[in-house]
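Residue numbers count from 1 along this sequence. Whatever order the structure lists them in is the order used to number ligands and atoms, beginning at 1. Everything numeric in this text was worked out from a predicted model, so none of it was measured.
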Amino acid sequence: MCGIVGHLGPQNSVELVLEGLKRLEYRGYDSAGVSFIDERDVLQNYKKSGKLENLIGFLGEGPFVARSCIGHTRWATHGEVNDTNSHPHSNDQLSMVHNGIIENAPALKSELSSEGFEFKSQTDTEVFLGLMTINLKKGMSFREAVTASFNKVEGNSAFVLIDPDTSDIYAVKRCAPLVCGINEGQSEVLVSSDPYALAGLVDKLYFPEDEVVCHLSSGNKNLLNFYELDGSKTTRYLSKIQDLSAAVSDKGDFDHYMHKEIHEQPELIRSLTHYYFAGEGVPALEKAIKEKPENIHLVACGTAYYAGLVIKDHIEKLNRIHCHAELGSEFRYKNPILGKKDLGLFISQSGETADTLAAQSLCKTNNLKTMSIVNVDGSTLFRDCDSNLLIRAGVEVGVASTKAFTQQVLTGMIYSAAMNGILDNPDRKKDMAAKFSLLAERVDKILSEENKIESIASEIHNYKGYFYTGRGVYYPIALEGALKLKEIAYVHAEGYASGELKHGPIALIDEEMVNVALVGPELYDKTISNIQEIKARKGIIVTIGPRGDEHLKEISDHFIELDFDGLDELSPLYVNIVDQLLAYFIAKFKGTDIDKPRNLAKSVTVE
Ligand code: AGP
């Protein structure tokens, strides 16, 4: 999705905004641009299709002396990828950038054209430029024009604008990510679509609610002011100390963020355990389990949905509460049966996924309590839910989610155990904490031997297609493993319940197909017979299974041995680490853009 960064202050705005846009590259984009007020107080606008380096090349040698700048990385929704459709969109009265979709753009476009506004681009965004231009011409102040224009547009959007007369920056949003930040020492103020862009640049973050106009002003001591659409001042924003250091923005010794993030998991597992068993997460957990729901509607998208399938299994087995796992994009259109004592449980790394937010809003409208299992503190989902369990995964830069999946599942299991009273029993709590610690240890071991997985990847990275098969709780892991491979290696991969292959898909099996069989201690015999069915048809068998199993070793072309003992319900997460590494190394051999895969965005903030 589009990335937005704005800066106002004594330091060089253009450099800071470009740095912020670089940090947002992971979100996926196809063009970039900046607008700034130069040292002669003239509004400059530079924009270029392609990667950021195209824009930087176009900007030419700096330094650009500017104290006010807005920048944008565009993920095209309306209008092809070209320089004209790139943001910012500007004229001599203003410059602006946009994230989201203006649903009523066609109607507004004909209205504006009839009022003499000439469109240059194919974008819906330019409609807002037209509204602003006409409102300013009517003599409105800049903030009044922002309010009047915003009242006319429908749909989920965030707008950030620069006023060339004052160099001030304005921002407003509806159901789209937006965050402001202040660096008191430097008397600087910034705005972005993602807190990660502000990491290390500001002391405090401010998350405005919908339809709050943010005014980043250079004129007076109040660097940052918030207004309702009627012009009155407001406190409808959440503020919090910035806890992200600039250090998050480097890969360290790793070739890719994804690889670094896979390796962060053992430490994250340990810190999550402390956070909810004895740390500052305890009050949030106690709040989350205050009311025991009759049913749970567990809604998410993509990897977060697969995490939800594992959590569903855990909650139903332990608490015997019916858990409906739903895809966000489906849930809102299926007229779900929602009981007043049901819980809407939403899982999301970004907390900004449009389909998940819409599902949460549907539950809220039906008076359900809603809860999130979310990574980004202060995100829209975080602010809209009655209670929240943070997954404490840190910033996840890789578009393909890895550590967030593990932390989502573990947080869901902690919620399930807390609901069951396990954490109130010292012995059972200790046992659970010991199991988490054992998982971290076992993951450490897999990571220390990742070269074994890398060598298998070198042998299987050029096949026609890949099946991932698993039974019970390994079925969601098969789905997630296949998604990882699809996302970053651009190969066809499909997760399947082991027992289902014989009902049709086995027709695809031949010597060009790889089957990654996930074999946990549970349902062992049945899974073996499924492997035999594939072997009989010359499929390539990669098995992830219990260490020392001679039979598995004999029937597999490649056998990755794991130590399952003592992990119990955590075993699927253990297997998933192998899937993450397998996908990573296959993609690496294929030379794809692992951290910024084609066509993908880190957070899908449009439907
Ligand atoms: C995960 O690898 C994908 N990038 C994608 O499926 C993602 O999980 C999905 O878009 C949901 O995102 P969220 O967790 O931020 O809501």
Side-chain angles (χ1 to χ4, degrees), residues 1 24 26-28 75 156 175-177 193-196 256-259 261-262 265 298-311 325-332 344-361 372-382 384-385 388-409 411-412 468 476-477 479-490 493 495 576-577 579-584 587 592-607:
M1 293 299 100
L24 299 189
Y26 77 94
R27 299 169 63 98
W75 191 80
N156 298 352
C175 298
S193 54
D194 185 330
Y196 176 48
H256 299 95
Y257 282 108
M258 181 178 175
H259 198 199
E261 288 157 3
I262 290 172
Q265 292 177 104
L298 199 157
V299 188
C301 301
T303 283
Y305 172 70
Y306 300 145
L309 291 175
V310 183
I311 294 168
E326 308 274 1
L327 286 168
S329 54
E330 292 293 315
F331 181 74
R332 56 191 301 208
L345 173 53
F346 305 90
I347 303 173
S348 175
Q349 189 285 128
S350 63
E352 301 298 349
T353 300
D355 289 323
T356 307
L357 294 177
Q360 190 272 345
S361 161
S372 79
I373 290 179
V374 67
N375 194 31
V376 180
D377 182 354
S379 58
T380 304
L381 183 67
F382 179 93
D384 288 355
C385 283
N388 299 287
L389 294 179
L390 290 170
I391 68 170
R392 312 282 293 169
V395 178
E396 185 173 69
V397 178
V399 169
S401 188
T402 51
K403 60 180 183 173
F405 175 84
T406 299
Q407 299 291 97
Q408 284 164 352
V409 173
T411 303
Y468 284 69
I477 304 300
L479 294 170
E480 168 58 12
L483 175 62
K484 279 299 87 62
L485 191 61
K486 276 188 274 234
E487 281 191 283
I488 62 173
Y490 311 161
N576 189 56
I577 303 294
D579 282 350
Q580 291 175 352
L581 290 168
L582 204 52
Y584 173 73
T592 51
D593 188 342
I594 290 173
D595 284 330
K596 299 189 292 283
R598 68 184 183 197
N599 308 339
L600 295 188
K602 181 62 183 171
S603 166
V604 184
T605 56
V606 291
E607 286 183 47

Under 4.0 Å from a heavy atom of [X]: which atoms of ligand 1 are those, numbered in the order shown and with their elements?
| X | result |
| --- | --- |
| Ala400 | 2 (O) |
| Ala304 | 8 (O), 14 (O) |
| Ser401 | 1 (C), 2 (O) |
| Lys484 | 2 (O) |
| Thr303 | 1 (C), 2 (O), 6 (O), 8 (O) |

Please state which protein non-hydrogen atom is closest to [atom] and give its distance, to 0.1 Å?
| atom | value |
| --- | --- |
| atom 12 (O) of ligand 1 | Thr353 OG1, 3.4 Å |
| atom 2 (O) of ligand 1 | Glu487 OE1, 2.6 Å |
| atom 15 (O) of ligand 1 | Ser350 OG, 2.7 Å |
| atom 9 (C) of ligand 1 | Cys301 O, 3.7 Å |
| atom 10 (O) of ligand 1 | Val604 CG2, 4.1 Å |
| atom 14 (O) of ligand 1 | Gln349 N, 2.7 Å |

Is the backbone of [Y] close enough, under 3.5 Å, to the side chain of [X] for a donor and an acceptor to pair up by distance?
| X | Y | result |
| --- | --- | --- |
| Gln349 | Ala304 | no |
| Glu261 | Val397 | yes |
| Asn375 | Val395 | no |
| Ser372 | Asn388 | no |
| Gln407 | Ala404 | no |

For this session: Working to the nearest 0.5 Å, report the span between CD1 of Ile262 and NZ of Lys403.
Result: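 Interatomic distance, Ile262 CD1 to Lys403 NZ, rounded to 0.5 Å: 11.0 Å.
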Exercise. Hey, what do you get for CE (Met258) to CD (Gln580), rounding to the nearest 0.5 Å?
Worked result: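 The distance works out to 6.5 Å.
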Exercise. Going by atom types alone, do Ser401 and Glu396 pair a side-chain donor with an acceptor below 3.5 Å?
Worked result: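 There is such a pair (donor and acceptor under 3.5 Å, judged by atom type) between the side chains of Ser401 and Glu396.
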Exercise. So is Ile347 polar-close to ligand 1, meaning N/O to N/O under 3.5 Å?
Worked result: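 There is no such contact.
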Problem set entry | ligand 1 to Thr356 polar contact by distance, N or O atoms, under 3.5 Å |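 No - when backbone and side-chain N and O of Thr356 are compared with those of ligand 1, no distance drops under 3.5 Å.
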Problem set entry | Sequence-distant partners of Tyr306, ring-ring contact (aromatic ring centres under 6.0 Å, His included), two or more places apart |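 Result, ring-ring contact (aromatic ring centres under 6.0 Å, His included) vs Tyr306: none returned.
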